[in-house]
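These notes concern the structure reproduced below.
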2 protein chains.
Amino acid sequence: MTLPRIVIERCHYLARCTEEPGAITRPFATDAMRCAHELVSEWMREAGMAVRRDNVGNLRGRFEGSGEATLLLGSHIDSVRNAGKYDGPLGVAVAIAAVQRLHDQGRRLPFAIEVLAFVDEEGLRFGSTYLGSRAVAGTFDLADLDRVDASSVTMREAVRAFGGDPGRIGDDRWKGGRLLGYCEVHIEQGPVLEAHELPVGLVSAIAGQSRHRLTFAGVPAHAGTTPMDHRHDALVAAAGFVLAVEREAVATAGMVATVGQLSAIPGAVNVVPGGAVLSLDVRHPDDSVRAASVQRLLAQANEIAAGRKVRVASELLAENRSLDCSPRLTALLSRSIEGSGHPVWRLASGAGHDAVAMSDLTDVAMLFVRCKGGVSHNPAESVTMDDVAVAIDVLFTFLELLSES
Amino acid sequence: MTLPRIVIERCHYLARCTEEPGAITRPFATDAMRCAHELVSEWMREAGMAVRRDNVGNLRGRFEGSGEATLLLGSHIDSVRNAGKYDGPLGVAVAIAAVQRLHDQGRRLPFAIEVLAFVDEEGLRFGSTYLGSRAVAGTFDLADLDRVDASSVTMREAVRAFGGDPGRIGDDRWKGGRLLGYCEVHIEQGPVLEAHELPVGLVSAIAGQSRHRLTFAGVPAHAGTTPMDHRHDALVAAAGFVLAVEREAVATAGMVATVGQLSAIPGAVNVVPGGAVLSLDVRHPDDSVRAASVQRLLAQANEIAAGRKVRVASELLAENRSLDCSPRLTALLSRSIEGSGHPVWRLASGAGHDAVAMSDLTDVAMLFVRCKGGVSHNPAESVTMDDVAVAIDVLFTFLELLSES
């Protein structure tokens with residue numbers, strides 16, 4: 001069997017490790033993850049790797065080299081609820097496939113390769129992302145161990161039940177000596193490569209991101225008896241803001257901005273909404289551009305609210321700086337793509353990835369693989385075997401170029 | 001004690017008949033309603049009325065006249081959850097007070113008066129409004145007896161437990177001979193009288209109403225990786241519609257239109273909404289104006305959706321025709337208001353009332369009483385004793401004028 005077919009089939013096998021029959025839902029430190037560990041361990045061993053797992057629950061497969069430095073490859077094997085097959089697992093399976101090719105050829109490189117299968121990137125169970133990669137990078141927040149899941153199980157208990165020592169997650173930080181970097185293969189999760197008919201794309205940067213919650217407060221009133229000019233309708237103000245968010249993003253090259261949550265309070269057919277709460281997600285590869293847009297949007301929220309005699313308050317929920325991928329590693333990836341006979345298309349990632357957390361430890365690079373319709377976080381996620389073949393070739397060439405550099 | 005003070009105090013006493021300590025929640029056929037029945041029966045008897053209750057659970061106090069015709073007065077004594085003290089009870093207490101004045105004066109009119117304290121107008125327990133007045137009007141839907149409350153008790157069981165015979169609700173229809181009409185006093189539940197500094201207002205009509213559900217269907221997508229020009233964002237389309245609804249209502253004199261419910265689907269911070277569902281409530285005293293506006297709004301929804309490459313479907317959930325109050329009774333009420341020394345302000349009711357159901361039985365008229373800030377369905381509901389005094393006087397004069405006409 002060819003490696004691309006094996007990679008696709010392995011993603012299908014992993015899909016059967018799930019908490020929900022008929023759907024893919026594989027949260028942190030569950031039986032579904034145990035099932036995934038059994039499969040991935042076996043594949044790593046088949047590719048000549050020594051396998052161990054760390055305290056937080058990552059699987060680490062090590063393929064020794066002739067020198068002492070190490071290159072890290074990987075991605076995550078947890079999932080969102082009702083996920084697709086490729087978001088995460090594809091990167092792990094492609095990394096294992098590249099090592100498999102070395103192993104099949106009986107080759108050793110001047111550096112070791114460690115393939116990391118991160119136990120949590122999506123944050124489905126505890127609402128905290130990058131648990132696996134942050135443990136490796138040494139930025140795991142021990143306070144997170146007190147978080148509880150929907151069944152009131154703490155993360156501390158979950159780690160222990162999964163076989164790790166929650167008190168020793170600090171030991172998961174990379175201790176294997178000099179690192180050459182971290183390279184991650186991932187589906188694009190967007191429509192750009194498909195629109196340009198390209199199998200893979202070179203990630204130049206990972207966009208910075210702000211998340212805010214905005215709360216509009218008006219006056220609830222009877223929908224039948226309150227004339228239009230007496231209303232302080234919080235939802236109408238919020239609706240004006242939703243359109244303002246779109247206008248700002250459309251007017252700013254490279255920006256995406258989204259209102260994904262919006263609720264009217266009290267939310268009754270016959271009550272003029274006295275409140276409206278919405279989420280604002282703004283992303284751009286240039287942090288200063290993002291900051292300026294967020295500032296303009298919050299100012300507009302105030303203007304819109306004032307014009308309707310309602311109040312608005314905003315709260316910053318999360319902020320991540322943008323991350324530039326390593327010029328050195330990206331140059332090698334670029335030559336690898338050229339070597340595969342495809343044009344090099346550079347794009348910023350609007351989504352966060354384990355590479356973000358790993359950048360605190362070492363240089364990072366990412367290769368995107370085209371996915372059908374740009375769909376992800378959905379059972380309809382789909383990649384072609386041809387594109388997977390290109391990804392394996394590019395990653396393999398990258399390893400060869402790195403060993404020559 | 002003066003009658004206005006007695007009316008206010010009685011509303012306060014009734015407030016203690018509740019299912020929820022510390023709040024006013026008095027649903028159909030409950031112990032809280034039993035408590036209300038004891039109080040109201042006593043007040044009716046004190047005013048010289050013979051009291052009976054019917055099968056559905058209305059209290060009916062009859063004050064005999066010298067002739068055979070009957071005038072009906074009344075309102076409801078159930079409440080919404082966490083209600084105010086006056087929405088409903090005020091009308092019953094003012095009606096009893098007017099009869100009390102006749103009784104105190106030892107007067108009989110050429111017609112009998114029946115004060116109806118309806119057992120359910122709000123529909124809190126079974127989600128079906130006007131249970132009491134529909135039984136009297138003969139339009140009670142027997143299929144409603146199969147409805148269940150939140151504890152799975154059927155309306156049939158509830159009626160029986162409350163002492164009525166669910167099989168004989170048909171007998172509750174008015175059988176007392178010739179009717180002169182039905183007149184209801186109610187708080188305005190809106191800010192118009194307060195804005196014009198008027199104690200009472202003359203209801204010219206009760207607005208017709210349409211309720212629709214609109215469902216916008218786009219394509220859910222990753223908020224980080226989907227460029228703005230690739231999106232089919234259902235929430236942005238819905239937001240455009242919310243603003244269009246407001247524009248239409250503002251541009252149409254006498255109209256109110258409200259989006260009270262709006263939810264984004266799936267409703268995640270980092271997902272471009274693939275769906276959005278909202279409620280549309282449109283009211284106007286002229287049915288043809290309302291119908292034209294609804295048509296324009298649904299057409300606009302289609303345009304907005306098409307412009308954003310999303311789809312929209314609409315569903316009519318409920319529709320009530322507008323109701324003109326009786327010119328004859330309203331003319332008498334108008335003269336009564338003039339007689340009290342206040343200007344006559346005519347306004348349409350945007351809210352439904354028992355008068356709507358009673359209009360299937362007889363001519364109806366309504367008098368609104370100013371309420372503080374236009375607030376209702378809220379513990380903050382408030383009326384002044386001076387305004388209650390005007391309402392009692394106007395209703396009493398109305399009875400006198402009717403007996404002369």
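The sequence lines fix the lettering, A, B, ..., with proteins before strands; numbering per chain opens at 1.
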Sort [X] into side chain, backbone, both or neither according to what part of it lies under 4.5 angstrom from a heavy atom of chain B.
X: A:Asn270; result: both
X: A:Ala195; result: side chain
X: A:Val192; result: side chain
X: A:Ala351; result: both
X: A:Val271; result: backbone
X: A:Ser279; result: side chain
X: A:Arg213; result: neither

- Spacing of A:Asn378 atom CG and B:His222 atom NE2 [to the nearest 0.5 Å]: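 The distance works out to 12.0 Å.
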
- Query: Quick one: CE on B:Met228 to OG1 on A:Thr252, what's the gap to the nearest 0.5 Å?
  - Reply: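 The OG1 atom of A:Thr252 is 9.5 Å from CE of B:Met228, to the nearest 0.5 Å.
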
If every non-hydrogen atom of [X] is compared with every non-hydrogen atom of [Y], which pair is closest and at what distance?
X: A:Ala264; Y: B:Gly260; value: CB-O, 3.6 Å
X: B:Val256; Y: A:Thr226; value: CG1-O, 3.4 Å
X: B:Leu235; Y: A:Val242; value: O-CG1, 4.3 Å

- Query: With A:Val269, which of B:Val259, B:Asp281, B:Leu278, B:Thr258 fulfils side-chain contact (heavy atoms from CB on, under 4.5 Å)?
  - Reply: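 The side-chain contact (heavy atoms from CB on, under 4.5 Å) with A:Val269 is passed solely by B:Asp281 among B:Val259, B:Asp281, B:Leu278, B:Thr258.
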
- Message: Between A:Gln261 and B:Gly267 (side chain of the first, backbone of the second, donor and acceptor by atom type, cut-off under 3.5 Å), is there such a pair?
- Response: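 Yes, A:Gln261 side chain to B:Gly267 backbone: donor-acceptor pair under 3.5 Å.
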
